[in-house]
Amino acid sequence: RKEVEQDPGPFNVPEGATVAFNCTYSNSASQSFFWYRQDCRKEPKLLMSVYSSGNEDGRFTAQLNRASQYISLLIRDSKLSDSATYLCVVKWGKIIFGKGTRLHILP
Amino acid sequence: EAGVAQSPRYKIIEKRQSVAFWCNPISGHATLYWYQQILGQGPKLLIQFQNNGVVDDSQLPKDRFSAERLKGVDSTLKIQPAKLEDSAVYLCASSHATRGKYEQYFGPGTRLTVT
């Protein structure tokens, strides 16, 4: 099993829809979890930290399921500007980035 | 607050040449990271510094890559000699890394092309 695994997509979603994607991790001792977004040819930017059972920031909700070892990201009322690659990051001493999930919001 | 600065933004070299990248982290951030991001993949951590000490360099190809952070502020990453497979974006990030807080902030990256 890969250390951090994401569905590469692309997810093609109409504007206004809700989209969710998951990230699974292999190390049960993982301590910290993050979602970053990365636009084409740009650097990753922190979207959300996921420290406990989950958190919400506007249209974005992140959830952590320690029993099943995955985190999820839910985007409600998606906007064209949400089109990007979403990177999952897991830390257990070392820091591992997933390969990212590409999201295309369609007008 | 100024972000993470990196230079140069772009570099083209021939294989077997050497190259160096520079990074200046956000003021007050004790932890500095260098990542390699190959097209279509997520960033791969090369080395992590806490102040001027190395925390993790397990994925740094030490036969050709070296990094230093002598005064615990800015850092340089060097490749000598470069190989074709080193073509990638090299990202520098920094974080406070205080207890329980590891959010990283990235610089714009250096896009390296090895021909």
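Numbers restart at 1 for each chain; the letters A, B, ... are given by sequence-line order, proteins then strands. Below, all heavy atoms of this structure are taken into account, side chains as well, without hydrogens, waters or symmetry copies.
For a heavy-atom cut-off of 4.5 Å, chain A lies close to B/Asp56 in residues 52-83 of chain B.
The cluster map of Ile, Leu, Val, Met, Phe, Trp and Tyr, joined by side-chain heavy atoms under 4.5 Å apart, puts B/Tyr105 and B/Phe21 in different clusters. A single hydrophobic cluster is not seen to contain both B/Tyr35 and B/Leu112; linkage of ILVMFWY side chains at heavy-atom distances under 4.5 Å, directly or through other members, places them apart. Both A/Tyr25 and A/Ile96 are assigned to one and the same hydrophobic cluster, defined by single-linkage of ILVMFWY side chains at heavy-atom distances under 4.5 Å. Both A/Trp35 and A/Phe33 belong to a single network of hydrophobic side chains, linked directly or stepwise wherever heavy atoms of I, L, V, M, F, W or Y lie under 4.5 Å apart. A/Val89 and A/Val4 fall into different hydrophobic clusters, where Ile, Leu, Val, Met, Phe, Trp and Tyr residues are linked whenever their side-chain heavy atoms come under 4.5 Å apart, directly or through other members.
Minimum heavy-atom separation, B/Leu91 to A/Pro44: CD1-CD, 3.9 Å. In this structure, A/Ile95 and B/Leu45 approach most closely via the heavy-atom pair O-CB, 4.2 Å. Minimum interatomic distance between A/Leu46 and B/Gln104 (heavy atoms only, all atoms of both residues): CB-O, 4.4 Å. In terms of heavy atoms, B/Gly107 sits closest to A/Glu43 at O-CB, 3.0 Å. Residues B/Gly42 and A/Leu87 come closest through the heavy atom pair CA-CD2, 4.3 Å.
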If you look only at distance, which donor and acceptor atoms sit under 3.5 Å apart when one is on a side chain in residues 97-107 of chain A and the other is two or more places apart or in another chain?
residue  : atom : partner : partner atom : Å
A/Thr101 : OG1  : A/Gln6  : NE2          : 3.4
A/Thr101 : OG1  : A/Asp7  : O            : 2.5
A/His104 : ND1  : A/Asn12 : OD1          : 3.1

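Contact of A/Lys91 with chain B is made through the side chain alone, with heavy-atom distances under 4.5 Å.
For A/Arg37, the salt bridge (Lys or Arg N to Asp or Glu O under 4.0 Å) partners at least two apart in sequence or on another chain are A/Asp39.
Identified under the disulfide (SG to SG under 2.5 Å) test for residues 65-107 of chain A, with sequence neighbours left out: A/Cys23-A/Cys88.
To the nearest 0.5 angstrom, B/Leu39 atom CG is 8.5 Å from A/Arg41 atom CZ.
B/Gln37 is listed as a side-chain neighbour of A/Gln38, based on a closest heavy-atom distance under 4.5 Å.
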